[in-house]
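What you see is a predicted model, and the numbers here were worked out from it, not measured in a lab. In what follows, every chain begins at residue 1, and chains take the letters A, B, ... in the order their sequences are listed.
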Amino acid sequence: MIAIPGSATHGKARHAVSSINWINGDRAQSSIYRDTLHLLHRTTTISLSQVQQIHAQLLRTGLYDLPHYRTKLLSTYANHHRFSDAKSLLHSLLKPDLLSFTTLINAFSKFKEFKNTLNLFSELLANGLYPDAHVLPSIIKACTGILAVKIGKQVHGFSVASGLSLDPFVESSLVHFYVKCDELDGAHKLFKNMVEKDVVSWSALAAGYARKGDVLNAKKVFNEVKGLGLKPNTVSWNGMIAGFNQSGCFLDAVFMFQQMHARGFTSDGTSISSVLPAIGDLGYLNSGTQVHGYVIKTGFLIDKCIVSALIDMYGKCGCALEMSKVFEDTGLVDVGACNALIAGLARHGLVDKALRVFKELQDQGMELNVVSWTSVIACCSQHGKDIEALELFRGMQAAGVKPNAVTIPCLLPACGNIAALTHGKAAHCFSLKSGISDDVYIGSALIDMYANCGKIQVARCCFDRMPARNLVCWNAMLGAYAMHGKANDAIEIFHLMQRSGEKPDSVSFTSLLSSCSQSGLTEEGQHYFESMSRDHGIEARIEHYACIVSLLGRAGKLEQAYSMIKKMPFVPDACVWGALLSSCRLHHNMSLGEVAAGKLFELEPMNPGNYILLSNIYASKGKWKEVDKVRDTMRDKGLRKNPGCSWIEVKNRVHMLLAGDKSLPQMDKILDKLNRLSMEMKKAGYLPNIDNVLQDVEEQEKEHILCGHSEKLAVVFGILNTSQGSPLRVTKNLRICGDCHVFIKFISGFEGREIFVRDTNRYHHFKDGECSCGDYW
DNA sequence: CTAGGGTTAG
C-alpha cells in the first residue's frame with residue numbers, strides 16, 4: 001500500500017490508494033493513471049516496488065513519454081537511492097530534456113552524491129542544454145561538498161556571464177561555496193553585492209570567519225546584522241559558537257554562548273555541544289558544571305554529542321571521577337562517548353586504564369572508529385609505549401578501519417622513538433597514497449621521525465617538498481638540525497623561515513641556540529640570543545638561558561656563564577646548573593664546578609650523574625681525597641660505588657670518539673697512552689679517570705666532541721619484552737643486544753665500526769653485527 | 001526545488 005502522509009483524509013488520495021492495485025490489471029485506463037500520478041506528486045513515501053509497477057505500466061500505456069511523468073519517476077527512483085536505475089532511465093530517453101537532468105541533478109545533490117552530480121552536469125552540457133537557475137545551486141552545492149574549487153569558480157563565471165548570478169539561490173550558494181573554500185574575502189565581497197541578503201548567507205559568512213579564527217571579521221560581520229535588516233536565529237549563534245570552538249578561540253565561543261542567552265535566545269543541543277569543549281579547554285569547571293545542570297534539567301542527556309562533550313569537558317578540567325561518572329550514569333552506548341572517555345583517561349596519565357577500557361569495548365563488540373583507534377595510538381606514543389602503538393596500528397588495519405590524516409602524526413613519533421624506520425616509511429607511503437601527505441601535521445611528524453631515525457637528508461627532503469608550511473613545520477626542521485648538532489643548517493633554515501614570512505617563536509630559538517651551543521658557534525649563539533627580544537619581541541625563557549650557559553661554558557667562558565646565571569630573571573633550575581657543571585668538567589674548573597654541583601645536589605639529590613661529574617673534576621686535578629668523599633656520599637645515598645673511575649668508560653669514550661670521526665690512524669697512539677697512564681694510576685691505588693687520561697686526546701679531538709656527534713651516535717632505547725615476542729623487526733638502525741635484550745638505536749651510520757654504548761648501569765659492546773654487554777661498574 | 005550550526009584523536 002501507498003502511505004500518503006498528511007493527505008490521507010483527502011478524498012482523491014483515498015481514490016488513488018484504492019485504484020493503485022488496478023495498475024496490474026489489464027483494464028487499467030489512462031485517465032486513472034493520470035489521477036494516480038497527479039496524486040503521487042503530492043505523496044512523499046512510496047515503495048520501490050510500486051514505483052517499478054508504475055514504471056512498467058507507463059511504458060505499456062505510452063504515457064511514459066509525457067515529461068511530467070518521467071520526471072516524477074526519476075525523482076522517485078533517486079529518492080529511494082536507486083541512483084544507477086535513475087541514471088539508466090535518464091539515459092534510455094531519446095532526448096533527455098533540461099527538466100529530466102535538473103530533477104536528477106537536484107536529487108543527487110540532495111543525497112550528497114556530489115561526484116554523480118558533477119558528472120551529470122557535464123552530460124547536461126554535452127547534450128547541448130543550457131543550465132538555468134533551477135540547476136545551478138545544486139551544482140555549486142556539489143562543488144562545495146567535494147571542494148571542487150576550479151569547477152566552482154567556472155560555474156561562478158558562467159553564472160555571471162549568463163546573468164544567473166542574480167538569482168537569490170545561486171547567489172547564496174556561491175557565498176557558501178567561497179566560505180567553505182576558505183576564500184572568506186571573496187565570499188564577503190559577494191555577500192556585500194547580494195541583491196537580496198538573507199540570514200543564511202550572512203550566518204554562513206560570519207561562521208566562516210569564526211571557523212578560521214578571524215575573530216575581528218567574524219564579530220564585525222555578525223554585528224552588522226541590524227543594519228542589514230536581518231534577524232539572527234539559533235543557527236546563526238550556533239555557527240559562531242562552533243566556529244570559535246573549532247579555531248581555538250575558546251573565550252569568544254563562551255562569550256557568544258553567554259551573549260546568546262543575554263539576548264533572549266535559547267540554546268539547543270548544538271550550542272551546548274559546541275560550547276562545552278571550549279569551556280573544558282579554558283578549565284572553567286564552574287561554568288561546565290552549570291551547563292551540566294542545565295543539560296540534566298532540559299533532558300539533553302540523551303544527546304550523544306552532548307554526553308561526549310560533557311565527558312571531554314570534565315576530562316579537560318581534571319575531574320577524572322566526574323568524567324567516569326557521566327559515562328557510567330548515562331548508560332549510553334556511543335562510540336563518541338567512549339572515545340572521549342579514553343582520551344580523558346589518557347590525559348590524566350592513566351594509560352593502562354585507557355588501554356583496558358579500549359580492549360573491553362573491543363571485546364564487547366563495540367564498533368570502534370578512526371577516532372577510537374587514533375586516540376589509543378596517540379595515548380601509547382605519548383607515554384613511551386611505542387611498540388604498543390605500532391601493534392595497535394596493525395590491529396587497526398586488521399579491523400578494517402582506515403587511518404586518516406590525524407592517525408599518521410600520532411603514529412610517527414612512536415616510529416621515531418625506536419628508530420623503526422620501516423614502519424615510519426610505511427606510514428609515509430600510506431599518506432602519499434591516500435593523498436593526505438600535504439597535511440602540515442603529517443609533514444612535521446615525518447621530519448621529526450626521519451631525523452630521529454638518523455635520516456636527516458630525508459627529513460630535509462620532506463621539508464622541501466611541502467607545498468605549505470606553518471610554524472610547527474619550520475620548528476620541526478630546526479629541531480631536526482639541532483638534534484644532529486648541525487648549526488649551520490639550522491641557521492640557514494632560520495633565515496629561510498623569516499624570508500618566507502613565518503615568525504620564529506621561543507621553540508625556534510631553543511633549537512637554534514642549542515645547535516649553536518653544540519657546534520661551538522659562540523658568537524652566533526650570543527647574537528641570536530640578544531636579537532631574540534630586541535628584534536623578535538620574544539622574552540628569553542629559562543631553557544634559552546640554559547642554552548647560553550652551555551654555549552659560554554663549552555667555549556670556556558665559565559665566569560661569563562656563571563654571571564649569566566646570576567643575572568637571569570629566573571630561579572635557575574637543574575638544566576641551567578647542569579650545563580654549568582658539564583662545562584666545568586670539560587674545562588676542569590673546580591671552584592665553579594663545586595658551586596654548580598652544590599646547587600644540583602639540592603635540586604636532584606638522587607641523580608648519580610652530578611656526583612660523577614664533580615668527582616671527574618676532582619680526579620682531573622688529582623684531588624683523590626675529594627673523589628673518595630664524593631664516592632662515600634654516593635654510597636650513603638645508595639647510588640653508585642665507584643664514580644668516575646671506570647676503565648670501561650675510558651674505552652667507551654675512545655670508541656665513541658673514533659666512531660664519530662676519521663681519526664682511526666691515531667688509535668694505537670691513544671691506546672698506548674691510555675695503557676701507560678692507567679698502569680700508573682692503578683699502581684697508585686686508583687682506577688684511571690676518564691678526564692685525566694683523555695685530556696690529551698680531548699685537546700686533539702675537541703672539535704669532534706664539541707660537534708656533539710660522538711654523543712649522538714647511539715642511544716640505548718629500552719628493554720625488549722621477550723615474553724611476548726616483538727612485532728618489531730631489527731631495522732638497519734636498530735639492534736638488540738643479544739645478552740640483555742636492550743634495544744640500541746643508532747642515529748648515524750655505524751657499519752664496520754666497533755662501538756661501545758652506555759646505558760645507565762650497563763655497557764653494550766657492538767662489533768661485527770653482534771652485541772654483548774656487561775656491568776658498567 | 002530550496003541553503004547556514006554539533007562531540008571525541010594531532
Side-chain angles (χ1 to χ4, degrees), chain A residues 71 75 99 102-107 109-110 132-138 140-141 144 167-177 179-180 198-208 210-211 232-246 253 256 260 267-278 280 300 303-313 315-316 327 334-344 346-347 354 368-379 381-382 396 403-413 439-442 444-445 472:
Chain A
T71 312
S75 66
L99 185 61
T102 305
T103 310
L104 203 50
I105 284 176
N106 287 340
S109 176
K110 187 170 125 196
D132 62 4
H134 293 296
V135 73
L136 279 188
S138 292
I140 300 165
K141 192 183 158 194
T144 314
D167 180 276
F169 286 137
V170 175
E171 256 185 335
S172 84
S173 46
L174 277 172
V175 170
H176 190 212
F177 167 75
V179 168
K180 281 280 141 98
D198 60 326
V199 219
V200 176
S201 310
W202 166 76
S203 313
L205 183 65
R211 207 180 300 117
N233 54 29
T234 314
V235 179
S236 324
W237 287 98
N238 288 350
M240 295 296 279
I241 300 170
F244 282 137
N245 173 45
Q246 284 161 15
M256 289 313 272
M260 177 182 187
S267 51
D268 65 359
T270 305
S271 349
I272 295 171
S273 48
S274 299
V275 80
L276 274 173
F300 272 132
D303 187 315
K304 290 191 279 189
C305 289
I306 291 184
V307 173
S308 310
L310 266 177
I311 294 172
D312 171 65
M313 183 276 293
K316 283 174 181 163
F327 181 78
D334 170 56
V335 220
C338 299
N339 294 344
L341 180 72
I342 291 171
R347 195 174 281 124
L368 297 163
N369 60 18
V370 218
V371 180
S372 333
W373 286 97
T374 307
S375 338
V376 81
I377 288 172
C379 171
S381 68
Q382 283 162 11
M396 176 180 189
N404 66 12
V406 182
T407 317
I408 304 301
C410 292
L411 176 74
L412 285 172
D439 185 280
V440 282
Y441 286 102
I442 293 181
S444 312
V472 181

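Below the 3.5 angstrom threshold, one finds no donor paired with an acceptor across the side chain of Ser173(A) and the base of dA3(B).
Atom CG of Leu174(A) is separated from atom C1' of dT2(B) by 15 Å (rounded to the nearest Å).
Note that the OG1 atom of Thr374(A) and the CE atom of Met396(A) stand 4.5 Å from one another [nearest 0.5 Å].
With sequence neighbours excluded, the residues forming a side chain to side chain donor-acceptor pair (under 3.5 Å) with Ser236(A) are Ser203(A), Asn233(A), listed by chain and number.
Side chains of Ser375(A) and Asn339(A): a donor-acceptor N/O pair is absent below 3.5 angstrom, by distance only. In summary, the side chains of Asn106(A) and Ser138(A) do present a donor paired with an acceptor at a separation below 3.5 Å, with no hydrogens or angles considered.
Using modelled atom types, one side-chain atom of Ser308(A) and one backbone atom of Ala337(A) make a donor-acceptor pair closer than 3.5 Å.
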TODO: Give the B/S/- string for nucleotides 4-10 of chain B, one per nucleotide from 5' to 3', where a protein heavy atom under 4.0 Å of the base yields B, of only the sugar-phosphate yields S, and otherwise -.
DONE: BBBBBBB

